[in-house]
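Working notes, structure below.
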Amino acid sequence: MSTNDRQPESVTEEGSVRDALLTYGAPFLGTLLIAIGIAGGVLGGYAVVQTHLNLCGHATIDVYSPDETNQLTAATQRGPFQQFSVDELAPAERRAFEYALDNPRSTGDVRGRFVHRAAFRRGVLVTSGGETHYVTISSANPCLGVDPLLFPLGIVSILLGIGGILTPPLYRRLLEREEREGNAG
């Protein structure tokens with residue numbers, strides 16, 4: 001068969017829609033699936049490792065200096081703050097308070113039972129060594145509440161997306177193969 005014997009194939013509307021879907025729609029859908037898969041995989045993966053790596057669950061408290069405490073309590077219109085001596089604090093609260101006093105950033109993580117959490121959330125006054133410090137929670141640092149199942153679903157979504165992106169070159173190869181087989185037969 002010579003090249004002159006080739007007849008251009010008639011393009012049907014059904015064929016052009018199929019070609020457009022396989023050429024442009026599949027890669028677009030694949031790209032969306034990859035983006036969704038990355039987001040789901042990262043969130044699901046983080047949900048799995050966050051507690052094992054000790055990345056969440058410990059509240060951070062801020063301890064203000066006595067001067068800042070005096071300014072803050074004089075300026076606030078709120079009612080009197082609940083007061084504690086350092087000995088009244090739970091062991092984890094006391095460790096965080098004492099760590100924050102030595103820390104240049106004046107913060108400490110409460111690692112353990114946080115007995116007075118509700119009071120610290122509103123702000124409390126803690127007396128230690130004759131000085132009063134205003135103490136409050138600066139970060140509750142809760143754990144991310146997503147289902148760890150998002151991780152495998154994200155991986156599956158990424159793999160499906162890769163398949164969508166690879167659809168046009170595979171479709172072209174399939175058409176070339178059919179054309180070669182049609183010309184040979």
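Note that the numbering runs from 1 along the sequence shown for the chain.
Every salt bridge (Lys or Arg N to Asp or Glu O under 4.0 Å) that Arg177 has, sequence neighbours left out, goes to Glu181. Shown here are the side chain to side chain donor-acceptor pair (under 3.5 Å) partners of Glu68, two or more places apart in sequence or in another chain: Ser65. Legend: residues meeting side chain to side chain donor-acceptor pair (under 3.5 Å) with Asp19, ordered by chain and number and at least two apart, are Tyr171. By the salt bridge (Lys or Arg N to Asp or Glu O under 4.0 Å) test, Asp109 is found to be paired with Arg111, residues two or more places apart in sequence or in another chain being considered. Applying the side chain to side chain donor-acceptor pair (under 3.5 Å) rule to Ser85 yields no partners; only residues at least two apart in sequence or on another chain are considered. By the side chain to side chain donor-acceptor pair (under 3.5 Å) test, Arg172 is found to be paired with no residue, residues two or more places apart in sequence or in another chain being considered.
Within the model, atoms OG1 of Thr23 and CZ of Arg18 stand 10.0 Å from one another, a figure rounded to the nearest 0.5 Å. One distance of note links CG of Leu72 with CG of Asp67; it measures 12.5 Å at 0.5 Å rounding. To the nearest 0.5 Å, the span separating OG1 on Thr127 from CD on Gln83 amounts to 5.5 Å. The CZ atom of Arg180 sits 9.5 Å away from the CZ atom of Arg173 when rounded to the nearest 0.5 Å.
Closest non-hydrogen pair, Arg113 versus Ala90, comes out as O-CB, 4.1 Å.
Within the 3.5 Å criterion, the main-chain N or O of Thr60 finds a donor-acceptor partner in the side chain of Ser138. In this structure a side-chain-to-backbone donor-acceptor pair under 3.5 Å is present from Thr73 to Asn70.
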Ignoring hydrogens and angles, write down the donor-acceptor pairs under 3.5 Å from the side chains of residues 40-55, residues two or more places apart or on other chains.
| residue | atom | partner | partner atom | Å |
| --- | --- | --- | --- | --- |
| Gln50 | OE1 | Leu144 | N | 2.9 |
| Gln50 | NE2 | Leu144 | O | 2.9 |
| Asn54 | OD1 | His58 | NE2 | 2.9 |

Contacts under 3.5 angstrom, residues 148-169 side chains, donor-acceptor by atom type, not counting sequence neighbours:
| residue | atom | partner | partner atom | Å |
| --- | --- | --- | --- | --- |
| Ser157 | OG | Leu33 | O | 2.6 |
| Thr167 | OG1 | Gly163 | O | 2.8 |
| Thr167 | OG1 | Gly164 | O | 3.3 |

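Residue pairs meeting the disulfide (SG to SG under 2.5 Å) criterion with at least one partner in residues 106-181, sequence neighbours excluded, are Cys56-Cys143. Pairs passing the salt bridge (Lys or Arg N to Asp or Glu O under 4.0 Å) check and including a residue from residues 84-106, sequence neighbours excluded, do not occur. Evaluation of the disulfide (SG to SG under 2.5 Å) test over residues 91-129, restricted to residues two or more places apart or in two chains, returns none.
Grouped with Phe114 in one hydrophobic cluster are Ile61, Val63, Phe84, Val86, Leu89, Phe97, Leu101, Val110, Phe120, Val124, Val126, Val135, Ile137, the linkage being side-chain heavy-atom contacts under 4.5 Å among Ile, Leu, Val, Met, Phe, Trp and Tyr residues.
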